[in-house]
Amino acid sequence: MIALVDCNNFYVSCERVFAPALEGRPVGVLSNNDGCVVARSEELKALGIAMGAPVHLIPPALRRQCTLLSSNYALYGDMSRRVNEVLESLAPAVEPYSIDESFLDLSGFGPLEAEALAREIRERVRRETGIPVSVGLAPTRVLAKLANRLAKHGGGVRYLAAQAPVTRALLEALPVAELWGVARRSAERLTVLGIDNAWSLRQAEPTRIRRALSVVMERIVWELRGHGAIVMDDLDAPRRHLLVSRSLGRPTAAAHELHEALRQHVARAGEKLRRQGSLAQAVRVVLRTAPFQVGRGAYHSAALVTLPTPSDDTRELLRAARQALAAVYREGYRYQKCGVMLMGLAEAGAPQERLLAEESAETVRRRRLMATLDRVNRELGRDTVRLGLPRHDSGWALRCANRSDRYTTRWDELLRVHA
DNA sequence: TCTGGGGTCCTAGGACCC
DNA sequence: TCTGGGGTCCTAGGACCC
């Protein structure tokens, strides 16, 4: 048995925990740069505002009725951790899947036992974190995903058996594109094969599906039949590459502004790299104009610079990023986004190995510097210490006009609640 | 004026080798 | 007239997820 625990309207729910006045009101949370709506309360959905809707396209009259908040990832990340803590205290094996969902491996559980546990999970998570969750139960992940959707529409807990008339009816009524793992492209190709609902996909010959589409789709067929075929990748496993990129607050053609934005991205990427204990072999810089810009004004390119030796030193990453930027930058375009990607990540030697290895004084100094930098920034707040000159008033900086306080990770901001 | 960010896996095709 | 066969590794691009 697999359970999928999914937080309801997660970002909005996080905001409501600390601002109960938002309860019952249409509330949305915006993407970075306050660009589009990425989370909606039920009340906001009822107003007809779509997932991903660009804010500037929402009619002003409608906009005045709702509360639209900038995203506050420090808060959501911490709340997500708390939810998983509760899950871990109740379930034998938890596999976090995204910031607001976790699969639970309930091998050996029967439907009744699983439902009882699911109800307890709902109650405990709600009581201990304030976040409402729904639980879907089924023999496989694809079916658990579906069960979760049903749970959201009532009751909060739902079990779906692989072999049951109700499951068949459900799958027959479900367009294939609404399945987890099937999006527009695959749906189109399935339609050509005469497969347009989830039941006909389930009845299809797996090898035929593999030939016509891919092994990924074949696994979905098996999952629909009740045979587990999808294994979760370990989210704790070190990443193979790592990307930090942001839209600029406003487009710019100025190389020095891109350079400044990039410097911040590289600093962030370096922190992430050291946190997972890896070294990067190369640095790639990506630059582009607005995606809606077409024709002569459009530009989208990247440049890769290989490091002399694999490194996790922000200064070396910066040097490479500077070269890459120079290679990719073209005058006369208004750039909307830039990013840095660290490639070819490999594990740095384990600390014990490092002790045994011959290390130059310079290497040791370098690592101490980076470790200190990370610690200061972790304990005293991001960007307390930075490489290069700080510029706080830059036009390229991210817009987030309406962000709530970081209640759970910053004492100073929590205390503001009572100020 | 204003449309997110960060990942994964799979596949096809090229380079290279014996 | 003829132009091997098969393997590995790497990369770019497609598709999908939240």
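Each chain gets a letter, A, B and so on, in the order the sequences are listed, and its residues count up from 1.
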- Message: Under the criterion salt bridge (Lys or Arg N to Asp or Glu O under 4.0 Å), I'd like the reasoning laid out for A:Arg126 against A:Glu123: C-alpha separation, chi angles, the key distance, then a yes or no.
- Response: CA-CA 5 Å; A:Arg126 182 70 197 237; A:Glu123 199 203 306; over 6 Å; no
- Query: With rounding to whole Å, what would you report as the distance between B:dT3 and C:dC18 at their P atoms?
  - Reply: 24 Å
- Message: Under 6.0 Å from the ring centre and within 45 degrees of the ring axis: does the NZ or CZ of A:Arg219 meet both conditions for the six-membered ring of A:Trp222?
- Response: no
- Among A:Asn33, A:Asn402, A:Asp34, whose side-chain hydrogen bond (donor to acceptor under 3.5 Å, both in side chains) with A:Ser70 holds? A:Asp34
- Query: Considering residues, nucleotides and ligands other than A:Glu188, do more than 12 of their heavy atoms fall under 6.0 Å from its CD?
  - Reply: yes
- In residues 42-71 of chain A, which residues come under 4.0 Å of DNA chain B by heavy atom? A:Pro54, A:His56
- Task: Would you please classify the geometry between the A:Tyr73 ring and the A:Tyr11 ring as parallel, tilted or perpendicular, with 30° and 60° separating the classes?
- Result: perpendicular
- Which residue, A:Leu242 or A:Cys36, contacts DNA chain B at a nucleotide closer to its 5' end, judged by nearest heavy atom? A:Cys36
- Query: Just checking A:Asp34: base, sugar-phosphate only, or nothing, at a heavy-atom cut-off of under 4.0 Å?
  - Reply: nothing
- Message: Over 60° means perpendicular and under 30° means parallel, so tell me whether A:Tyr407 and A:Phe18 are parallel, tilted or perpendicular.
- Response: parallel
Distance-only donor-acceptor hits, side chain of residues 136-149 of chain A, under 3.5 Å, sequence neighbours excluded:
| unit_1 | atom_1 | unit_2 | atom_2 | d |
| --- | --- | --- | --- | --- |
| A:Thr140 | OG1 | A:Leu143 | N | 3.4 |
| A:Thr140 | OG1 | A:Glu223 | O | 2.9 |
| A:Thr140 | OG1 | A:Glu223 | OE1 | 3.4 |
| A:Arg141 | NH1 | A:Ile230 | O | 2.8 |
| A:Arg141 | NH2 | A:Glu95 | OE1 | 2.7 |
| A:Arg141 | NH2 | A:Glu95 | OE2 | 3.1 |
| A:Lys145 | NZ | A:Glu101 | OE1 | 2.3 |
| A:Asn148 | OD1 | A:Lys152 | NZ | 3.2 |
| A:Asn148 | ND2 | A:Leu4 | O | 2.8 |
| A:Asn148 | ND2 | A:Ser134 | O | 3.0 |
| A:Arg149 | NH2 | A:Glu178 | OE1 | 3.1 |

- Query: What distance separates A:Asn72 CG from A:Asp78 CG, expressed to the nearest 0.5 Å?
  - Reply: 10.0 Å
- Message: For A:Arg315, give me all partners under side chain to side chain contact (heavy atoms under 4.5 Å, CB included), at least two apart in sequence or on another chain.
- Response: A:Asp313, A:Arg366, A:Leu369, A:Met370, A:Leu387
- Query: For DNA chain C, what string of dots and brackets results from 5' to 3' when Watson-Crick and G-U pairs need both distances under 3.5 Å, crossing pairs get [ ], and pairs with another strand get |?
  - Reply: ....||||||||||||||
- Within residues 201-230 of chain A, those residues having any heavy atom closer than 4.0 Å to DNA chain B are A:Val215, A:Val216, A:Arg219
- Polar side chain donor-acceptor pair, A:Glu15 to A:Tyr76, under 3.5 angstrom: yes
- So where does chain A start and stop touching DNA chain C, 5' to 3', when the test is distance under 4.0 Å to a non-hydrogen atom? C:dA15 to C:dC18
- Message: Apply side chain to side chain donor-acceptor pair (under 3.5 Å) to residues A:Ser102 and A:Asn84 and explain how you reach the verdict.
- Response: CA-CA 8 Å; A:Ser102 290; A:Asn84 277 314; 2.7 Å; yes
- Hey, what do you get for CD (A:Glu43) to CD (A:Gln65), rounding to the nearest 0.5 Å? 12.5 Å
- Message: Would you say CZ of A:Arg240 has more than 12 non-hydrogen atoms from neighbouring residues, nucleotides or ligands within 6.0 angstrom?
- Response: no
